[in-house]
Protein chains: 4
Amino acid sequence: MNARSSTRYEWILDAALALFVERGYHGTAVPAIAERAGVAAGTIYHHFASKEALVNALFQLWKHRIVHAVHEHFPATGTPREQFRTIWNEMARFALAHPAAYSFLEFHHHGAYLDDANKELDGGLKRFAAEVVAHAQTQGFIRPAEPQLLMELVFGAFNGMMRAHYEGRLVLDEARLALAEASCWDSVRA
Amino acid sequence: MNARSSTRYEWILDAALALFVERGYHGTAVPAIAERAGVAAGTIYHHFASKEALVNALFQLWKHRIVHAVHEHFPATGTPREQFRTIWNEMARFALAHPAAYSFLEFHHHGAYLDDANKELDGGLKRFAAEVVAHAQTQGFIRPAEPQLLMELVFGAFNGMMRAHYEGRLVLDEARLALAEASCWDSVRA
Amino acid sequence: MNARSSTRYEWILDAALALFVERGYHGTAVPAIAERAGVAAGTIYHHFASKEALVNALFQLWKHRIVHAVHEHFPATGTPREQFRTIWNEMARFALAHPAAYSFLEFHHHGAYLDDANKELDGGLKRFAAEVVAHAQTQGFIRPAEPQLLMELVFGAFNGMMRAHYEGRLVLDEARLALAEASCWDSVRA
Amino acid sequence: MNARSSTRYEWILDAALALFVERGYHGTAVPAIAERAGVAAGTIYHHFASKEALVNALFQLWKHRIVHAVHEHFPATGTPREQFRTIWNEMARFALAHPAAYSFLEFHHHGAYLDDANKELDGGLKRFAAEVVAHAQTQGFIRPAEPQLLMELVFGAFNGMMRAHYEGRLVLDEARLALAEASCWDSVRA
DNA sequence: AATGAATGAGGCTTCATTCAT
DNA sequence: GATGAATGAAGCCTCATTCAT
């Protein structure tokens, strides 16, 4: 789950990600993951205790990565406007660079098989964003409303845009991303 | 063979909806649907040719209902602002009255098993909304940007809000719905 | 099983015969018989206690008919040559007039579900033929060999010919039937 | 995946042969084959894609064997009488050594599930025999009649004899086989 | 008698997991 | 560690039979 000697570990994670996104967790057979990864079915069980352990490892890996990407670039001392834009841009960069991973994290229901650690992880980014909103409100930059509500609206808008992009209904370039970001800022600014 | 006459037909649809939302299509066993519906497993096959036919019937039924609800109340001669608010409110009324159905329609990947008729149906509401946006732009009420992009942002925001509500992170009452609607209007208005 | 008030009884027998020949007993579903017969599935159970009772009734009906046809025209006082030809011709007439029935009787394994009465019936025609052979041997018309063996050879030849005809590998007309009959007579005559 | 290497492969074929002969293809459940073979039900699907693939493999295997046995000993330069006797004897040897296989090949209707390759295979031996007959006719050894008809009569007689033997109505020893062969030759010789 | 929806046992097949090599 | 054949529980579906109408 961290540095692993074998690169097969990563082959398996990559194959599982692709298949889970394509066909869902329950719709994906372990032997199918093995075949796509180019390893034997038994090999998966040398690296993961079960199919459930595999999906949890996968979720944790990518959730950590996106959280890290957002936190790493977050301008703690910037203006709320800058902070908003930075979070938006980092998430867009991530979602465009790793479409399968973002789709897996955001557009699939994992409730039935995620372990507690991952359920805790899942809400982290949104809690952080809600805090940023709340702080910006104290400075008067963002309209006075439940931070939770505003945050869910913006994340939802972002996800709607990304999903439309993934599904081919929308082409996302720099200009459109900036326009969308500005629109969303307008929906929350004071 | 399966006119809406039989109540079992509806028991099965209701049970399938609940389970598909809970555990996903592939995660739901046909005998589990039968048990929840209070019928024998074989009975499902008197009403639906297959599990796939069942999920398609379910999708079509509810998609028709929400499309109907939105179209029925759409103020064709109203101002764009009124039109926007009406669509928002009708969708909210529907999503709050039928949480499982809305969740099933919007928060699940159906790509692998939806038939062509349903794939066609799926995009209908969004195409309609994009047209409304485009028309409002010609009158100068909505900012000049791709209608498709603006529409996906607003639908996404709505869905983010609904999902947060369903998952217990947000309480939605009249006031919050109105506030959210106003926020989203601000994200697209000229 | 004899004169029945309802003609549905016969529709069912006819449909069952056609399907059993096409797909075998185990390969034929009772609802499929009902559909082909143009009756409801439940109706079959007003006329037959079970699928097994149906197949037994069918077997008995047609076995009786062919036995009757052969016996009716058998020239008890004729020469063995006449007797041989008559049996051959009667069976050919029957097999050509009722291909499905003959195929059902002779080319399908019924061992697993025939009742005792039918198992007894099954051997009747062959026992009769063996007796005819034995009697002809006492008069020196047929070569001295086990009647049972000669009879099975001739019946086998007849069946091989009929099957080839049914399966389209052979066209049977009067001339060919006569030629085949003469050939078979040559295989047993003194 | 299923080279003849694994003994289980053969266990399964043997079990399937015995059961198909006893109860027919549709009357035989895959789990029953597994049980008789002494393997798990799932194991069958490591060696055969489906029940239908299994029955086709079985048919092909034994059809190849009998064709090979007949061709291997066929005296291409012998007299028609020798050729006739050789084919008869080889088939008898085979049919007595492998009663289940011969019964499976000749006494069951496979039309519904045999693949094209097997349908092609099926007619091979008979086509060969018809050619032998036709060639013998050109030399004046066999009476002038359709080779196809004479051949079907002889094969039919052979099958009638074998079936009577299998079903206990006839005991076949060397003397009786020779007698039957001579009888059949008499039915076709000039 | 006739219907056909309903039943549920059982059939074919898949698949998460194990284990001998 | 790696393999992949083997397992058997469980999944989707069929079908002989029943029963309320």
Side-chain angles (χ1 to χ4, degrees), chain A residues 4-6 8-9 12 26-35 37-54, chain B residues 1-3 5-9 12 26-35 38-54, chain C residues 4-6 8-9 12 26-35 37-54, chain D residues 1-3 5-9 12 26-35 38-54:
Chain A
R4 280 276 174 162
S5 56
S6 172
R8 278 166 218 266
Y9 181 83
I12 293 166
H26 290 294
T28 300
V30 172
I33 298 171
E35 190 185 11
V39 304
T43 301
I44 289 182
Y45 289 86
H46 283 290
H47 294 281
F48 304 93
S50 65
K51 187 183 180 185
E52 200 166 312
L54 167 55
Chain B
M1 173 215 293
N2 54 12
S5 57
S6 170
T7 56
R8 275 162 221 264
Y9 182 84
I12 293 165
H26 289 295
T28 300
V30 171
I33 298 172
E35 191 183 10
V39 303
T43 300
I44 289 182
Y45 292 89
H46 280 280
H47 295 281
F48 304 94
S50 64
K51 188 184 179 186
E52 198 167 315
L54 166 56
Chain C
R4 280 275 175 166
S5 56
S6 174
R8 278 165 218 265
Y9 181 82
I12 293 166
H26 289 294
T28 300
V30 172
I33 298 172
E35 190 186 10
V39 305
T43 301
I44 289 182
Y45 289 86
H46 284 288
H47 294 280
F48 304 94
S50 65
K51 187 185 181 186
E52 199 167 312
L54 167 56
Chain D
M1 174 216 295
N2 54 13
S5 59
S6 170
T7 58
R8 274 162 222 263
Y9 181 84
I12 294 166
H26 289 295
T28 301
V30 171
I33 299 172
E35 190 183 10
V39 304
T43 301
I44 289 183
Y45 291 87
H46 280 281
H47 294 281
F48 304 94
S50 63
K51 188 184 179 185
E52 198 166 315
L54 167 56

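Here is the naming used below: chain letters follow the sequence lines, and residue numbers restart at 1 for every chain.
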task = Please name the pair of heavy atoms, one in A:A49 and one in A:A53, separated by the smallest distance, quoted to 0.1 Å.
result = N-CB, 3.9 Å
inquiry  = If I compare all heavy atoms of D:K51 with all of D:H26, which pair ends up nearest, and what's the gap?
reply    = NZ-CA, 4.1 Å
For [X], what residues pass the side-chain contact (heavy atoms from CB on, under 4.5 Å) criterion, not counting sequence neighbours?
{"X": "B:A40", "result": "B:T43"}
{"X": "D:A29", "result": "D:P31, D:A32"}
{"X": "C:E35", "result": "none"}
{"X": "D:A34", "result": "D:V39, D:A41, D:I44"}

ask   = For C:G38 and B:A40, take the nucleotide of DNA chain E holding the closest heavy atom to each; which residue's nucleotide lies nearer the 5' end?
value = C:G38
remark   = In B/S/- notation (B base, S sugar-phosphate only, - none; protein heavy atoms under 4.0 Å), nucleotides 15-21 of chain F written 5' to 3' is SSBB---
inquiry  = Could you measure the distance from the CG atom of C:L54 to the CD1 atom of C:I12? Nearest 0.5 Å is fine.
reply    = 7.5 Å
Rounded interatomic separation in angstrom, taking [atom1] from [X] and [atom2] from [N]:
{"X": "C:E35", "N": "E:dT3", "atom1": "CD", "atom2": "C1'", "value": "15 Å"}
{"X": "D:I33", "N": "E:dT13", "atom1": "CD1", "atom2": "P", "value": "10 Å"}
{"X": "D:Y9", "N": "F:dG4", "atom1": "OH", "atom2": "P", "value": "20 Å"}
{"X": "C:F48", "N": "E:dA1", "atom1": "CZ", "atom2": "C1'", "value": "15 Å"}

task = Hey, which sits more toward the 5' end of DNA chain F by its nearest nucleotide, D:V39 or A:I44?
result = A:I44
note = Residues at least two apart in sequence or cross-chain that pass ring-ring contact (aromatic ring centres under 6.0 Å, His included) with C:Y45, listed by chain then number, are none
key: Pair assignment for DNA chain F - dot-bracket with | for other-strand partners, Watson-Crick or G-U under 3.5 Å   = .||||||||||||||||||||
request  = Look at the side-chain N and O atoms of B:R8 and state whether any lies under 4.0 Å from the OP1 or OP2 oxygen of E:dG4.
outcome  = no
